[in-house]
There are 2 protein chains.
Amino acid sequence: MPTESTPARRAPRADVARNRARILEAARMLFAERGNAVQMHEVASAAGVGIGTVYRHFAAREALIEAAAEHRFADIEEFAQSVCLADTHGQGLARYLRHVGEVLERDRGLTSAIEAARGAAGSEPRGEARARLEEVIGRLIERGQAAGALRPDCAVADVYMISGCLSSVIRTRSGDWRRLLDLVVDGLRPR
Amino acid sequence: MPTESTPARRAPRADVARNRARILEAARMLFAERGNAVQMHEVASAAGVGIGTVYRHFAAREALIEAAAEHRFADIEEFAQSVCLADTHGQGLARYLRHVGEVLERDRGLTSAIEAARGAAGSEPRGEARARLEEVIGRLIERGQAAGALRPDCAVADVYMISGCLSSVIRTRSGDWRRLLDLVVDGLRPR
DNA sequence: ACCTGAACACCGTTCAAGT
DNA sequence: ACCTGAACACCGTTCAAGT
């Protein structure tokens with residue numbers, strides 16, 4: 001008899017999973033090097049698969065970029081968790097934003113691919129990753145406010161907006177993102 | 001004899017100038033409505049000319065967008081001049097930035113076309129328009145500092161960076177640009 | 001000189017055929 | 001089921017022919 005008969009989808013065949021992993025790995029390397037200039041055909045040949053296989057795994061170019069960016073949100077969320085738990089004074093939010101800048105800067109190519117692929121939307125996480133992040137950011141804000149280090153009206157929306165600005169400055173090289181961070185963090189202080 | 005024989009280029013024929021004006025007018029209307037989604041063929045047919053004529057006047061899509069955006073810099077510079085001359089206290093720079101936001105918001109379609117067309121560059125003016133603007137912004141900063149309303153280390157680069165952030169927030173609708181302005185202007189105050 | 005638009009080039013995406 | 005790659009579609013740009 002077959003090993004399992006649950007209605008839930010079974011684990012993918014090994015070669016299918018490996019193809020997917022190869023495509024993602026190739027995409028991450030190429031986007032890191034050349035940003036939004038990489039073509040779908042390049043990703044396919046770098047991954048050693050046919051172009052059709054890329055589209056079997058990722059419905060469109062944007063979906064591939066989105067998937068390649070998922071690492072980031074995991075990284076950022078993990079850092080936020082540790083900052084949120086470890087911070088003793090009210091500086092958690094500032095450290096969070098600095099880390100966001102560092103992650104966006106470290107892989108500027110992917111940052112610009114994301115921004116270019118999403119027509120109107122910002123560079124925020126989607127779905128449940130977003131919900132989890134929102135929860136952590138909310139807690140960082142509460143702690144900052146409790147410590148008297150943050151304006152009472154500081155909100156999660158501010159943090160997303162500022163992240164988008166960091167992304168924009170880094171992507172366009174229109175200035176020094178650490179300087180922007182200084183200005184904005186200053187603006188977030190009470191009084 | 002011909003009216004003039006200077007080596008300087010003569011005035012363009014009337015129909016050529018009219019074609020150029022029609023193309024720009026069509027481009028401005030279309031970009032305002034549909035942002036970066038407008039196609040070169042659409043611009044041509046909306047202007048009532050062949051596609052080749054569009055390319056005779058503007059070497060590439062980006063050049064057309066750049067030209068369509070020139071109005072903006074004239075608008076902004078004029079406002080900066082009047083603010084610079086009229087402001088009594090140190091609020092000139094804040095009013096300047098608010099006006100930039102209003103201009104970018106008023107024609108969001110063009111704003112996003114500009115950002116999408118320029119791969120890496122920001123949404124700053126180029127050439128001599130930039131030089132003139134820089135001069136005025138520099139004076140606004142000096143006056144703000146003299147009035148004790150601005151940090152001593154505030155620089156023209158900060159203003160360009162902030163303008164780029166306003167553009168990003170407005171384009172991606174990732175937040176309330178007036179809120180961003182409040183935060184940043186607060187961060188630019190001394191102490 | 002300038003205008004026209006058919007044609008080309010490029011690249012994202014599809015789909016019939018193969019395994 | 002999944003893979004392949006030739007072919008299609010779309011759109012920016014060019015250029016030979018016309019005025």
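We name chains A, B, ... by the order of the sequence lines, and we start the count at 1 in each one.
Take Ser112(A) and apply the side chain to side chain donor-acceptor pair (under 3.5 Å) test, not counting sequence neighbours, and it matches no residue. The salt bridge (charged side-chain N to carboxylate O under 4.0 Å, His left out) check on Asp153(B) picks up Arg179(A), Arg151(B), with sequence neighbours excluded. For Arg106(A), the salt bridge (charged side-chain N to carboxylate O under 4.0 Å, His left out) test picks out Asp75(A), with sequence neighbours left out. Listed by chain and residue number, nothing satisfies the salt bridge (charged side-chain N to carboxylate O under 4.0 Å, His left out) test with Asp107(B) (two or more places apart in sequence, or in another chain). For Arg28(A), the side-chain contact (heavy atoms from CB on, under 4.5 Å) partners two or more places apart in sequence, or in a different chain, are Leu24(A), Ala68(A), His71(A). A search for side chain to side chain donor-acceptor pair (under 3.5 Å) contacts involving Asn19(B) returns nothing, not counting sequence neighbours. Judged as a ring-ring contact (aromatic ring centres under 6.0 Å, His included), and not counting sequence neighbours, Tyr55(A) has no contacts. Partners of Glu142(B) according to the salt bridge (charged side-chain N to carboxylate O under 4.0 Å, His left out) rule, which considers only residues two or more places apart in sequence or in another chain, do not exist here.
Scanning residues 15-30 of chain B for heavy-atom distances under 4.0 Å to DNA chain C yields Val16(B), Asn19(B). At a non-hydrogen distance threshold of 4.0 Å, Val49(B), Gly50(B), Ile51(B), Gly52(B), Thr53(B), Arg56(B) from residues 34-56 of chain B come into contact with DNA chain C.
Arg171(B) and Asn36(B) are not linked by any side-chain donor-acceptor pair at a separation below 3.5 angstrom, with hydrogens and angles left out of the test.
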Notebook entry, point to check: Using Watson-Crick and G-U wobble pairs with both distances under 3.5 Å, what is the 5'-to-3' dot-bracket string of DNA chain C, with [ ] for crossing pairs and | for pairs outside the strand?
Noted result: ||.|||||...|||||.||
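Closest approach of Gly35(B) and Ala113(B) over heavy atoms only: C-CB, 4.2 Å.
For DNA chain D, the span of nucleotides reached by chain A at under 4.0 Å from its heavy atoms goes, 5' to 3', from dC2(D) to dA6(D).
A salt bridge does not link Arg130(B) with Glu77(B): none of the charged nitrogens is closer than 4.0 Å to a carboxylate oxygen.
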